[in-house]
Amino acid sequence: MKPKINDMCCSLLPSILDAAEDLIYIMAVEHDQFKYAYLNQAAQKASGITSQDYGRTFYEVYTAKEQLSMAYYLQNKYQKVRSARRSFRFEDGFLLPNGLLSGESIMSPIFDKNREVSYILCITRDSTARKEYEDKLRYYAYHDELTNLLNRRFLYEFATTPWAIWLIDLDNFKNINDTLGHDVGDILLITVAERLKQSLETSFIPIRLGGDEFLIAVDHVVAEPDKISGTILDAFTPPFPLSGRFMHITTTVGVSIGQGDLEISTLLRQADIALYHAKSLGKNQFHTYNEQHSYEQVIKYDYEIALSNCLANQELELLYQPIYDTKRKQIVSVEALLRWNKDHLKVIPPDLFIPVAEESGWIHPIGDWVIRQACRDYPAIADKYGTGVKIAVNISRVQLNDPSFSDRLLGILSEQNTPPSRLDLEITESVVMHNIEKVCQILHHLRKQGFTVSLDDFGTGYSSLSMLTQLPIDKVKMDRSFITQMNPPVIASLLNMAAALHLGVIAEGVEDEEQLNFLTKMNCPEIQGYLICKPVPLTELP
């Protein structure tokens, strides 16, 4: 006859309870005391209490003077369950009187047939393994996995207002990764971390921000910050053993001293500015941020941010300067000149903001705005000078190299009902030098659509006769430096060369009657300059 399942479970119950990883305690209730009645193996191992202690109270088990607080703690905990006659959950994380960290416990009363609490069952989840796991997670949350240095999160959460920081960037690290591989790059970063720790006192905290950027933070006054910078640079003097060879690696350091008054975000920005200034001076050196210093990269970044809003804030304006035909004695075209009234407070010269717009990509929407606004202004200009007048618009290298530029240009003109023949596209010699074959293809296409093309700054050093014969252009604009010198042989040779190539000529920078008479005698077809009119708003055109 097979044993009943219930009988089997009862006989196996001690083994089942011992197999549990949770700590199981059963306390017998006798009057106001609680006596150990059962502990599974996990509970015995954690508490040190064995079956020999069965029948003993908390006060009989924890007899030593320093253990009495533990007995009181357990007595009160169990008494709460007995008095309430219901289960309680006790959260983990409480420091026990014996110095251990409590686990999460569920304590439930067990009633006899008279509905009296005769036993209390306590099941406790051992928090040791989880605490170790949480400690490991906490460690990796604030440490760099590769170098074991503290990381950016630690910097922002704990080093919020250090006295000073040294921002360290390895020179040419990308070349090492690209040529020797990322494994070698990782070895270098680990070695750098070790050298930084070894070269500085323990009060200086080394941090890896990411990539090849490290940082040293200190929260106390440093008498000679420059000396610390020198120590950091000296740490890189010995060659680094990499991939079976010894390589000399240099670094650049940007220093920011806030003296405990500046937030870490401000210090980092200042150190970053100082770092890039040091790199512009030749790398392998340090620079300390100085509020009195004019940092070009700060101005450039400020322009880049502001340019992103210049269209929405309506800060752009077109001025116009007429171009005069000396034979017909009339205005034949006007050049559209872009001006940026930053924040409606200060006009920024084009030579300062156009390069930033080109590098940042903002030249595309800005350039589209210029073309669209010129088209909108064209009817008013035609009313002044006749329908044959043209508007000259400057086109940058970045715009011309954009594959979608031609389509966008034609789309804007179609949208504004402006024929391409009304626009003269001005390019500079530097635009052509980057890729003459590609530029020629684009210009051929644009001229077929009806645009005319002028070469600006002609004669400033790039042009050659062979290049001019290849370019599909209609006019050249003679640089103002030639007009200032008024050298007849030079002017005559330029005019003759242009005539031989069937190109029109515009003399720029004509400022007085003497220059006008000189150019008229030289048969220069068109002139542009302050003598005719300064760049003015549309409404002020003469």
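Residue numbers run from 1 in the order of the sequence given. Values below: every heavy atom of this structure, side chains too, minus hydrogens, waters and symmetry copies. Since this is a predicted model, take the numbers as computed values, not measurements.
Judged purely by atom type and a 3.5 angstrom limit, Arg208 uses its side chain to pair as donor or acceptor with the backbone of Gly211. Within the 3.5 Å criterion, the main-chain N or O of Val453 finds a donor-acceptor partner in the side chain of Asp474. Judged by distance alone, with hydrogens and angles left aside, the side-chain atoms of Asp479 form a donor-acceptor pair with the main-chain N or O of Ser481 at under 3.5 Å. With Asp272 contributing its side chain and Leu275 its backbone, the two residues share no donor-acceptor pair below 3.5 Å. Although no hydrogens or angles enter the test, the distance criterion places a donor-acceptor pair under 3.5 Å between the side chain of Ser280 and the main chain of His277. Side chain of Gln321 to backbone of Cys533: a donor-acceptor contact under 3.5 angstrom is found. When atom types are taken as modelled, the side chain of Asp512 and the backbone of Leu516 share no donor-acceptor pair closer than 3.5 angstrom. In this structure, the side chain of Lys390 does not engage the main chain of Val332 through any donor-acceptor pair within 3.5 Å. Looking only at distances, no side-chain donor or acceptor of Gln373 sits under 3.5 Å from a matching main-chain atom of Trp369. No donor-acceptor pair closer than 3.5 Å links the side chain of Ser333 to the backbone N or O of Val389.
No more than 12 heavy atoms of other residues, nucleotides or ligands lie within 6.0 Å of OH in Tyr276, so this atom counts as exposed by the packing criterion. Counting non-hydrogen atoms of other residues, nucleotides and ligands closer than 6.0 Å to CZ of Arg372 gives a total above 12. Around atom NE2 of His344, more than 12 heavy atoms belonging to other residues, nucleotides or ligands sit under 6.0 Å away. The number of heavy atoms from other shown groups lying within 6.0 Å of NZ (Lys534) does not exceed 12. By the neighbour-count criterion of 12 heavy atoms within 6.0 Å, atom CZ of Arg195 is densely surrounded, having more than that number from other residues, nucleotides or ligands. The environment of Glu511 atom CD is dense: over 12 non-hydrogen atoms of other residues, nucleotides or ligands sit within 6.0 angstrom. At most 12 heavy atoms of other shown residues, nucleotides or ligands fall within 6.0 angstrom of atom CD in Gln314.
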Go through the steps for Ser256 and Leu268 under the test side chain to side chain contact (heavy atoms under 4.5 Å, CB included), then give the verdict. CA-CA 7 Å; Ser256 178; Leu268 273 174; over 6 Å; no

Stepwise salt bridge (charged side-chain N to carboxylate O under 4.0 Å, His left out) check, Lys475 with Asp424: CA-CA 10 Å; Lys475 293 182 181 181; Asp424 182 60; over 6 Å; no

Checking side chain to side chain contact (heavy atoms under 4.5 Å, CB included) for the pair Val510/Tyr324: CA distance, chi angles, key distance, verdict? CA-CA 11 Å; Val510 179; Tyr324 183 73; over 6 Å; no

Side chain to side chain contact (heavy atoms under 4.5 Å, CB included) between Leu150 and His143: does it pass, once the steps are laid out? CA-CA 4 Å; Leu150 292 167; His143 287 78; 3.5 Å; yes

Does Leu215 form a side chain to side chain contact (heavy atoms under 4.5 Å, CB included) with Leu155? I'd like the steps, not just the answer. CA-CA 9 Å; Leu215 182 141; Leu155 180 68; 3.9 Å; yes

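Interatomic distance, CG of Asp261 versus OG1 of Thr266, reported as 11.0 Å (0.5 Å rounding). Here the CD atom belonging to Glu437 is positioned 12.0 Å from the CD1 atom belonging to Ile442, to the nearest 0.5 angstrom. Annotation: the span from Lys327 atom NZ to Thr520 atom OG1 amounts to 11.0 Å, rounded to 0.5 Å. Within the model, atoms OG1 of Thr288 and CD1 of Ile257 stand 5.5 Å from one another, a figure rounded to the nearest 0.5 Å. Atom CD of Gln528 is separated from atom CD1 of Ile483 by 11.0 Å, given to the nearest 0.5 angstrom. Taken from CD in Glu315 to CG in Asn309, the straight-line distance is 7.5 Å, to the nearest 0.5 Å.
Checking each of Ile207, Ile205, Ile232, Leu167 against Ile216 for a side-chain contact (heavy atoms from CB on, under 4.5 Å) leaves exactly one that passes, namely Ile232.
For Phe204 and His220, the ring centers are positioned less than 6.0 Å apart.
Looking at heavy atoms from C-beta onward, Asp226 lies in side-chain contact with Phe286 at the 4.5 angstrom threshold. In this structure the side chain of Leu352 never reaches within 4.5 angstrom of the side chain of Trp340, judged on heavy atoms. Between Pro225 and Ile228 there is no side-chain heavy-atom pair separated by less than 4.5 Å. Side-chain atoms of Leu267 and Pro162, non-hydrogen and from C-beta on, do get closer than 4.5 Å to each other. Counting heavy atoms from C-beta outward, Leu338 and Leu318 have side chains that approach closer than 4.5 Å. By the 4.5 Å heavy-atom criterion applied to side chains, Leu409 and Ile395 are not counted as neighbours. Leu531 is not listed as a side-chain neighbour of Gln515, based on a closest heavy-atom distance of 4.5 Å or more. For the pair Val398/Asp402, no side-chain contact is recorded, criterion being any heavy-atom separation below 4.5 Å from C-beta on.
Here the shortest heavy-atom pairing between Pro420 and Leu413 reads CA-CD2, 3.5 Å. Nearest approach of Ala380 to Leu538, heavy atoms of both residues: CB-CD2, 4.0 Å. Across every non-hydrogen atom of His287 and Ala274, the tightest pair is O-CB, 3.3 Å. When all heavy atoms of Leu311 and Ile366 are compared, the pair lying nearest together is CD1-N, 4.4 Å. Scanning both residues, Ala507 and Leu519, for their nearest heavy atoms gives CB-CD1, 3.7 Å. Shown here for Leu189 and Phe214, the closest heavy-atom pair between the two residues is O-CZ, 3.7 Å.
Among residue pairs with one or both ends in residues 159-178, those qualifying as side chain to side chain donor-acceptor pair (under 3.5 Å) are Trp166-Ser229, Asp169-Lys279, Asp171-Thr250, Asp171-Thr252, Asp171-Lys279, Asn172-Lys283, Lys174-Asp178; sequence neighbours excluded.
No side-chain N or O of Gln416 forms a donor-acceptor pair with one of Tyr378 less than 3.5 Å apart. For Asn394 and Glu335, the side-chain atoms include at least one donor-acceptor pair closer than 3.5 Å.
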